[in-house]
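This report concerns only the one structure given below.
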Amino acid sequence: MNLLTGEGFWSPLVWLALAVGVALLAWWLRSKGRQDYKRGTEQATPFLSGEPMPEGVHVGGQHLYWGFVEALRPVVDRLRAFHSGVVTDYVTWLVVMLAVVFLVVMLS
Amino acid sequence: MKLSAFKRALWVYHLPTGSCNGCDIEIVAALTPRYDVERFGIMLVGTPRHADVLLVTGTVTRPMADRLRRIYEQTPDPKAVVVVGSCGSTSGVFYESYNVAGPVDEIIPVDVYIPGCPVRPEAITDAVVKAVAKLEGLEAGEKV
């Protein structure tokens, strides 16, 4: 069941034991948190410096990359222009880039 | 007051509701090496969600009244509210001013008042200790 390589080995049982250990650690850390928040009250709402929680507000995933996007704005705008949303365009780009990679590999 | 030693660290959220910053500076002074309240485990936190004590400075201006009420409600129980300075206690020189919603106890329940303009760091420390005594009484199930 173990997979041996020149660099080490992989065992599903060891992997499972590690996963259980990490889960137990996460559960223990979570159990150390405060239990006295009252559900359904303001105590369970996000703290926005005292501002009311706006309806329907959520933080989109793209906000995580906001700094990168703003810093690379000229590059991002050019790359975005390529993204038409049409599948055939994507496939064309894939074929062209694969051809370029093959050419580079064959010539090197 | 039966308090002999803190059972755990006390986390404090500092909320200025219209202060001139005089009391806020004294709170900062209480954290400096001369007074160093952190050696007792008293430390400021950035959110009321983690706080045991709300430290409110200044009289309550009209825009801050709702926010003060909301922040009080967002603080987990048991909690204590300490009003720092004359403005928060009585509105001080801003008494019945057109843009003042009132002293803090007209908006939320207050446990400890610290008079002074501004207050001294020793008084802030003493008030927080009184708040701890109240919290420990609440946690022990006493009616305070």
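Just so it is clear, the model here is predicted, and its values are computed rather than measured.
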Would you kindly confirm whether [X] and [Y] end up in one hydrophobic cluster when ILVMFWY residues are joined by side chain heavy atoms under 4.5 Å apart?
X: B/Met64; Y: B/Val104; result: yes
X: B/Val56; Y: B/Tyr13; result: yes
X: B/Ile107; Y: B/Val53; result: no
X: B/Ile71; Y: B/Val110; result: yes
X: B/Val60; Y: B/Leu15; result: yes

Distance col, row A/Lys38:NZ vs B/Asp77:CG, nearest 0.5 angstrom, shows 4.0 Å

Just wondering, are more than 12 heavy atoms of other shown residues or ligands nearer than 6.0 Å to [atom1] in [X]?
X: B/Arg120; atom1: CZ; value: no
X: A/Arg78; atom1: CZ; value: no
X: B/Tyr95; atom1: OH; value: no

On a heavy-atom basis, which atom in A/Glu51 and which in B/Arg67 lie closest, and how many Å separate them?
OE2-NE, 2.7 Å

Below 4.5 Å, heavy atoms only, C-beta onward: do A/Gln43 and B/Glu73 meet side chain to side chain?
no

Taking side chain as everything from C-beta outward and backbone as N, CA, C, O, which of these in A/Pro46 sits under 4.5 Å from a heavy atom of chain B? Side chain, backbone, both or neither.
backbone

Answer with yes or no whether the side chains of B/Gln74 and A/Thr45 bring together a donor and an acceptor at under 3.5 Å.
yes

For chain A, find its close neighbours in residues 21-29 of chain B: heavy-atom separation under 4.5 Å, sorted by number, or none.
none

